[in-house]
A.B. asks: 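Dropping the structure in here first, questions after.
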Protein chains: 2
Amino acid sequence: MRDVAQQAGVSTMTVSRALSDPEKVSPEIRRRVEAAVAAIGYVPNRLAGSLSSQNSRVIGLIVPSLENSLFAPTIQGVSEVLRRQGYQLMVADCGYREEDEAALITAFLAQRVAGLMLHNTRHADGARQMLARAGLPVVETGEMAPDPIDMVVSYSNEDAARAMVLHLHRLGYRRIALVTLPAANNDRSRARQAGFRAALAELGLAEDPRLMLEMPPGLPSGAEAVVRLVEGAQADAIFFAGDVLAIGAHFECQRRGWAVPGRVALAAFDNFELLGQMVPPVTTLRLPRAEIGRRAAQILLDRIQGRSDEKVRIDLRFEIIQRASS
Amino acid sequence: MRDVAQQAGVSTMTVSRALSDPEKVSPEIRRRVEAAVAAIGYVPNRLAGSLSSQNSRVIGLIVPSLENSLFAPTIQGVSEVLRRQGYQLMVADCGYREEDEAALITAFLAQRVAGLMLHNTRHADGARQMLARAGLPVVETGEMAPDPIDMVVSYSNEDAARAMVLHLHRLGYRRIALVTLPAANNDRSRARQAGFRAALAELGLAEDPRLMLEMPPGLPSGAEAVVRLVEGAQADAIFFAGDVLAIGAHFECQRRGWAVPGRVALAAFDNFELLGQMVPPVTTLRLPRAEIGRRAAQILLDRIQGRSDEKVRIDLRFEIIQRASS
DNA sequence: TTGTACGCGTTATCAG
DNA sequence: CTGATAACGCGTACAA
């Protein structure tokens, strides 16, 4: 920047102003600075800028996994909003582990991110403390956290699961099964199981433990689950509330020649585009994944830039997409 | 850090050393510093550290899209390696646009990233110049770039496409069609088309323009393509070299009751787990997506940390997975 | 092994 | 509208 200042015949302070707030500088000088910048190929040092101004234009995002395509729309949504406003995105995956999340939060604090987005809603104690002490704006997105760190943009996993079960019951199914990912380290799975139970209670149906399964992620898991539930537990409808389990089950039915929904009805949780194209297309929920990313990024920036100071809590809801599989 | 130094009764320099290179400091002092850090909840400021030491521990990654699940395994691979070595990842998507890529490169340079990973192998002129001037380590991953900026970790799109066409020919197919994404802004598509043509030439088959299609991404595109190629151009095998086109086509065949491969054989380019579970499972290529991410990250770090100064060029190859769809 | 002085490249602040 | 000066929080280089 010193070189630019010399070349333009002004002080570094004027260069700084010409670049960050062009209107505060005379047209003539602005022109000269721009010329000098172009001639020299000057690239400002945001590290120095952030250090000096005590605020960075970087947002941190921690998801359980970067491999799972589930998070892609959210990340894309975040990315869009940030880019439009000149912010950068730092991402990391915590592998569904609380301690790793805590370590990543520390690393992001060390980078002096301006705000943090967390998919998980369960956190190590230390993490909550650190964030509280740092006073950093935070948005959680995986679930309408009952005890949020700060802001939340999400949908209710429990309500969504409950609604789908009620929907299946309305269609006439009575032995409705639920398959989720392991609930041990996963708030979302737990909430979906709670929604399932709530619906059964509402409907006066007894809980049959054989109709609730936890399976690891992956297509083969779904295939295995459908066989166990149909042959072993006489399920007439299966609600796969996680990952791509429903897709695996659907293919397994096809391989075995089981009519869907004749032999068993299928429903999924996430609206992968794929589900609508399968034969038959699969009943599922519409969750506003990309919108969650966009809104979360937006309220974070609103807070960072002082346009708001509320502890926002946004429920973006969901919607049932009824298709031929049920 | 000053507070920590006071609390521990040492100078800030000693604190700095105790944290960055604990062995250079006496055990007694190390203990006192650690205690003070814990008591105060001190989080080092990497911005200041990087500014002072002129090197950051942040890597930049630019992909065409964050939404496309194709990039997920690569990003995950990158993330693993970086995290193990204490580096952070900054990501952005350029939306398949060269100018946006150039803008992002500038933004990353401004953040003083220690290295850059680019999926694209075509870049705006300005971008190449900036990178050359910055002398930043760069890895390109989308293709074995013939004219790389710096290092490359990838596979040959042309060879892969060529190999698949030869494979289909060996199986007896003679009217082999190719479907790619629009090649205008996409080096990979162009390379795959070149491979297709090379194979035809090798086999002494004439090029039939009706057997080469460019389609936008998405399942419906694949569905549309299979209909046009089978009914309009009597293709007996279709090689879908991009996105999820093959999956869309497969479902369309199912909807129409077209036997695969009886009526038409299908082959895909990427090894989505899904392809192996469909009925029938789909012939495709095995591309080392995650490995590309890991290796790319590794050679970047090797260079950054001075363990190597070669202009590495790694071809990770591919493999044909023959399945029942052909 | 520990400490001192200085500089990294910006921006905030205040004076002109 | 423009400039001088002093931080920002750390690491490098040397000295003790």
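Since we're looking at a predicted model, the values are computed, not measured. Throughout, protein chains are lettered first and strands after them, A, B, ... in sequence-line order, and every chain is numbered starting at 1.
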A.B. asks: Does a side-chain N or O of A/Thr12 approach OP1 or OP2 of D/dG3 to a distance below 4.0 Å, or not?
C.D. replies: no

A.B. asks: Please give, in whole Å, the distance from C/dG3 P to B/Lys24 NZ?
C.D. replies: 16 Å

A.B. asks: Within this structure, what is the CG-to-C1' distance between A/Leu51 and C/dT11, rounded to whole angstrom?
C.D. replies: 10 Å

A.B. asks: Could you state the atom-to-atom distance from CZ of B/Arg46 to C1' of C/dC8 in whole Å?
C.D. replies: 17 Å

A.B. asks: Can you measure A/Gln111 atom CD to D/dC10 atom P for me and round it to whole angstrom units?
C.D. replies: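 It is 13 Å, rounded to the nearest whole Å.
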
A.B. asks: Hey, are A/Arg84 and A/Glu80 close enough for a salt bridge, meaning a charged N less than 4.0 Å from a carboxylate O?
C.D. replies: no

A.B. asks: Verify whether one side chain among B/Arg190 and B/Asn185 offers a donor that lies under 3.5 Å from an acceptor in the other.
C.D. replies: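 Distance-only check fails for B/Arg190 and B/Asn185.
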
A.B. asks: Write down the distance between CZ (A/Arg57) and P (C/dT11), rounded to a whole number of angstrom.
C.D. replies: 11 Å

A.B. asks: What is the distance, rounded to the nearest whole Å, between atom CZ of A/Arg112 and atom P of D/dG9?
C.D. replies: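 So the CZ-P distance, A/Arg112 to D/dG9, works out to 8 Å.
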
A.B. asks: Please tell me which of A/Ser11 and B/Arg17 maps to the more 5' nucleotide of DNA chain D, matching each residue to the nucleotide holding its nearest heavy atom.
C.D. replies: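 So the residue in question is A/Ser11.
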
A.B. asks: To the nearest angstrom, how far is A/Arg2 atom CZ from D/dG3 atom P?
C.D. replies: 16 Å

A.B. asks: If the cut-off is 4.0 Å, is A/Ser16 near the phosphate of C/dT10, judged by side-chain N/O to OP1 or OP2?
C.D. replies: no

A.B. asks: Any idea which of C/dG9, C/dT10, D/dT2 is nearest the A/Pro44 side chain?
C.D. replies: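 In terms of side-chain proximity for A/Pro44, the closest of C/dG9, C/dT10, D/dT2 is C/dT10.
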
A.B. asks: For B/Val10 and A/Met1, find the nucleotide of DNA chain C closest to each by heavy atoms; which residue's nucleotide sits nearer the 5' end?
C.D. replies: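 Its nucleotide being nearer the 5' end, the pick is B/Val10.
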
A.B. asks: Rounded to whole Å, how long is the line connecting atom CG of B/Leu47 with atom P of D/dG11?
C.D. replies: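 Going from B/Leu47 (CG) to D/dG11 (P), I get 12 Å.
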
A.B. asks: Could you tell me whether A/Arg31 and A/Glu34 have a side-chain N and a carboxylate O separated by less than 4.0 Å?
C.D. replies: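 The answer is no: the pair does not qualify as a salt bridge.
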
A.B. asks: Nearest 0.5 Å, please: how far is CD in B/Gln298 from CZ in B/Arg307?
C.D. replies: 6.0 Å

A.B. asks: Using heavy atoms to find the nearest nucleotide of DNA chain D for B/Ala48 and B/Met13 separately, return the residue whose nucleotide is more 5′.
C.D. replies: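 Looking at DNA chain D, the more 5' nearest nucleotide goes with B/Ala48.
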
A.B. asks: Any N or O donor-acceptor pair under 3.5 Å from the base of C/dT10 to the side chain of A/Ser52?
C.D. replies: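 Result: at least one qualifying N/O pair found.
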
A.B. asks: Can a donor-acceptor pair under 3.5 Å be found between the side-chain atoms of B/Ser20 and the base atoms of D/dG11?
C.D. replies: no

A.B. asks: I want to check one thing: is the phosphate of D/dG3, taken as OP1 and OP2, less than 4.0 Å away from some side-chain N or O of A/Thr14?
C.D. replies: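 Indeed, a polar side-chain atom of A/Thr14 lies that close.
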
A.B. asks: Looking at B/Gln54, does any N or O in its side chain come under 4.0 Å of the phosphate oxygens OP1/OP2 on C/dG9?
C.D. replies: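 Checking B/Gln54 against C/dG9: at least one side-chain N or O falls below 4.0 Å of OP1 or OP2.
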
A.B. asks: Report the C-alpha distance between B/Leu66 and B/Ile75 in whole Å, list the side-chain angles of each, state the deciding distance to 0.1 Å, and finish with yes or no for side chain to side chain contact (heavy atoms under 4.5 Å, CB included).
C.D. replies: CA-CA 10 Å; B/Leu66 285 164; B/Ile75 299 184; 3.9 Å; yes

A.B. asks: What nucleic acid atoms does B/Ile29 come within less than 4.0 Å of, heavy atoms only: base, sugar-phosphate, or nothing?
C.D. replies: sugar-phosphate

